[in-house]
2 protein chains.
Amino acid sequence: MIVRQAANVLEIMEFFAQTRKPATLAEIADHFGWPRSSTFNLLATLSEKGYLYEPRPRAGFYPTPRWLAMARLISEVEPLPQWTHQLIADLSAETGETASIVAPAGVMAVFIDVVESQAAIRYFATIGHRVPIHATASGRALLLQYSQEERDSVYRKIEFRQYGPSTPISIEAVETELRNSIARGYCQSFADYSRDLAGAAIPLPIGDRRLSVVVAGPEFRIGPKIAEVAALIARTVDRLRPKAAA
Amino acid sequence: MIVRQAANVLEIMEFFAQTRKPATLAEIADHFGWPRSSTFNLLATLSEKGYLYEPRPRAGFYPTPRWLAMARLISEVEPLPQWTHQLIADLSAETGETASIVAPAGVMAVFIDVVESQAAIRYFATIGHRVPIHATASGRALLLQYSQEERDSVYRKIEFRQYGPSTPISIEAVETELRNSIARGYCQSFADYSRDLAGAAIPLPIGDRRLSVVVAGPEFRIGPKIAEVAALIARTVDRLRPKAAA
DNA sequence: GAAAAATGTACATATATGTGAATTTATCTG
DNA sequence: CAGATAAATTCACATATATGTACATTTTTC
């Protein structure tokens, strides 16, 4: 079950992140199609807690810097090492596609850092974006780092759905694909989950964290050169990863 | 009316900002005394939206970097000029007390930047902290920048309460205190709102934004030297504020 | 290695909560 | 400067929602 008012808080924040200017109660209510009274309660709650204020009298609400302060505290812990951002920046620059660092989240994989392609037609992904762990290159690069028991435990919770023509729709299909990936030296996906989308990924263990790097883009651009892209990822990791650490 | 689940989202994030490590459903539920099932729904919602993930399998949830990405976008707009942070940093260093930049939010004043005192006994304030606009030095330094009509409009919404012995409990009392502040050259408060707390503040208009700077600390430390502190604030603003801007 | 304890998940139901309509307050406009 | 228009609040009530209970799964204990 989705907690509506919790989701609404996030939507409001995303709204401000997009518009980047103060908004009045009426504007917000209209934008979301929420009743004024409900919007009023929400804004009042956020204000009361110190997360919203009125920069100028009657010019509307805007988030306080408290969000930033809190987010900084949270992200200080286990920050990604510098070089991982460099990694996806380089990969995106060289391939012209979108590159990301991905982490596990139950049966899903979450994008925790993203550098987007500059191409007009491109894979649009943002930090926080989630995809099924078994039906994507990046996800499978995570699964490769699990023990058999851990993988089994994940499989039990997966709801296998035919997202695309090549989606693996059984545990066996996923395990087979994992074995293929090992043989191949990298993970790949051709529209397993998103239409027209292809990607190459490799595992990226950092300390005891299980991450992966993925480069993804439209099938017609990535498809022909997927092996090259995979090799480039591996080379770039080798180049940037500090030698001392595992 | 307070929107409970909206507040809960904030509480969870604050919880993570404090503990700075992943927490399991059970830990979170116990910490807040929430039912497991409700906690489950909340965490599921936040995860689904891409704001929570599981860094390591079964080691609990933690916020994704999406919070940071969003907060950065939001705060890029109208960032405080560099020198205002320098201002409160210098003031805090020189006085040994807590210094803050404050903005209006209806009948309240919000702390939008804070440098805390290092003293063992100190004014504990964080970004986002809110205090009544009429019963604090910082708030009155904001009111001084309002027109009479704007002030009247604020007064109408204030619920006058006797927070401390010297809290102004009528419009007239506030107006009188404002006139005194002008004569005095700065705003002050002696436990008007918080017990044992005293502070000196002056208006700090930046562009068309109405802000104020305040230095606050325990009455016994600040009290005797309040005039000096106020003078120091004024001098420091003069020193740091770019000459060109108003 | 089996049993116990702890944790995570699903669902029906009573109730806390969101909302439509009414009221107050502010802002245009001629 | 009225009178009109729009925005912000308030409030009682029906309904969407949080939770108690039951069940499944995982981890720990002995």
Side-chain angles (χ1 to χ4, degrees), chain A residues 1-12 22-48 52-54 56-62 104-108 146-159 171, chain B residues 1-12 22-49 52-62 104-108 146-159 171:
Chain A
M1 170 190 285
I2 229 179
V3 181
R4 186 117 73 89
Q5 292 293 29
N8 287 351
V9 170
L10 303 175
E11 304 245 310
I12 285 201
T24 63
L25 187 154
E27 283 165 357
I28 297 173
D30 292 350
H31 177 265
F32 290 107
W34 296 339
R36 295 256 162 117
S37 48
S38 316
T39 309
F40 174 76
N41 289 334
L42 236 193
L43 294 181
T45 302
L46 291 177
S47 299
E48 197 131 319
L52 238 43
Y53 76 122
E54 295 155 70
R56 283 165 262 277
R58 54 192 41 287
F61 295 87
Y62 199 73
V107 300
M108 305 296 270
Y146 285 37
S147 70
Q148 187 64 54
E149 292 77 44
E150 290 174 315
R151 274 211 298 278
D152 287 341
S153 150
V154 169
Y155 291 151
R156 244 169 280 133
K157 297 183 188 162
I158 291 179
E159 212 191 323
I171 295 178
Chain B
M1 169 190 285
I2 229 179
V3 181
R4 187 114 71 87
Q5 293 294 30
N8 289 351
V9 169
L10 304 174
E11 303 245 309
I12 286 201
T24 62
L25 188 154
E27 283 166 357
I28 297 173
D30 292 351
H31 179 264
F32 290 106
W34 295 339
R36 293 265 162 103
S37 48
S38 315
T39 308
F40 174 75
N41 289 334
L42 235 193
L43 294 182
T45 302
L46 291 177
S47 300
E48 198 133 319
K49 285 238 145 203
L52 239 43
Y53 76 122
E54 295 155 69
R56 283 165 261 276
R58 71 172 37 75
F61 295 86
Y62 200 73
V107 299
M108 305 295 271
Y146 284 37
S147 70
Q148 187 64 54
E149 292 78 43
E150 289 172 316
R151 275 211 297 278
D152 288 340
S153 150
V154 169
Y155 292 151
R156 245 169 277 132
K157 297 184 188 161
I158 291 179
E159 212 190 322
I171 294 180

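Throughout, protein chains are lettered first and strands after them, A, B, ... in sequence-line order, and every chain is numbered starting at 1. Given the structure is predicted, the values throughout are model-derived calculations rather than measurements.
Residue B/Glu149 contributes atom CD, which lies 14 Å from atom P of D/dC1 at whole-angstrom precision. A/Ile2 has its CD1 atom 18 Å from the C1' atom of D/dT19, to the nearest Å. Here the P atom of nucleotide C/dT9 and the CD atom of B/Glu54 are 8 Å apart, to the nearest Å.
Contact annotation: A/Gln5 does not reach the phosphate of D/dT17 (side-chain N/O to OP1 or OP2, under 4.0 Å).
When every heavy atom of A/Glu27 is checked against every heavy atom of A/Pro22, the shortest pair comes out as OE1-O, 4.1 Å. Considering all non-hydrogen atoms of both residues, A/Pro104 and A/Tyr146 come closest at CB-OH, 3.1 Å. In terms of heavy-atom proximity, B/Val154 sits nearest to B/Gly106 at CG1-O, 4.3 Å.
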Just the atom pairs and distances: protein N or O near nucleotides 23-27 of chain D's N or O, under 3.5 Å.
{"residue": "D/dT26", "atom": "OP1", "partner": "A/Arg156", "partner atom": "NH1", "Å": "2.7"}
{"residue": "D/dT26", "atom": "OP2", "partner": "A/Arg156", "partner atom": "NH1", "Å": "2.8"}
{"residue": "D/dT26", "atom": "O3'", "partner": "B/Arg58", "partner atom": "NE", "Å": "3.2"}
{"residue": "D/dT27", "atom": "OP1", "partner": "B/Arg58", "partner atom": "NE", "Å": "2.2"}
{"residue": "D/dT27", "atom": "OP1", "partner": "B/Arg58", "partner atom": "NH1", "Å": "3.3"}

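For B/Tyr62, the ring pair (Phe, Tyr, Trp, His ring centres under 6.0 Å) test picks out B/Phe16, with sequence neighbours left out. Partners of A/Arg4 by salt bridge (Lys or Arg N to Asp or Glu O under 4.0 Å), not counting sequence neighbours: none found. Among residues two or more places apart in sequence or in another chain, the salt bridge (Lys or Arg N to Asp or Glu O under 4.0 Å) test is passed with B/Glu150 by B/Arg210.
Side-chain polar atoms of B/Asn8 and B/Gln5 form a donor-acceptor pair below 3.5 angstrom.
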Check the pair B/Thr24, B/Glu54 against side-chain contact (heavy atoms from CB on, under 4.5 Å), reporting the backbone distance first and the verdict last.
-> CA-CA 9 Å; B/Thr24 62; B/Glu54 295 155 69; over 6 Å; no

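Along DNA chain D, the nucleotide nearest A/Glu27 and the nucleotide nearest B/Arg4 are compared for position; the residue whose nucleotide lies closer to the 5' end is A/Glu27.
A heavy atom lying under 4.0 Å from DNA chain D marks the following residues of residues 30-40 of chain B, by number: B/Pro35, B/Ser37, B/Ser38. For the segment residues 41-49 of chain B, the set of residues with a heavy atom within less than 4.0 Å of an atom of DNA chain D comprises B/Asn41, in numerical order.
Checking D/dA7, D/dA18, C/dT7 against the side-chain heavy atoms of A/Ala26 singles out D/dA7 as nearest.
The distance from atom CD1 of A/Ile158 to atom CD1 of A/Ile171, rounded to the nearest 0.5 Å, is 7.5 Å. Here A/Leu42 contributes atom CG and A/Ile28 contributes atom CD1; the two are 9.0 Å apart, rounded to the nearest 0.5 Å.
Looking only at distances, a side-chain donor or acceptor of A/Thr45 sits under 3.5 Å from a matching main-chain atom of B/Val3.
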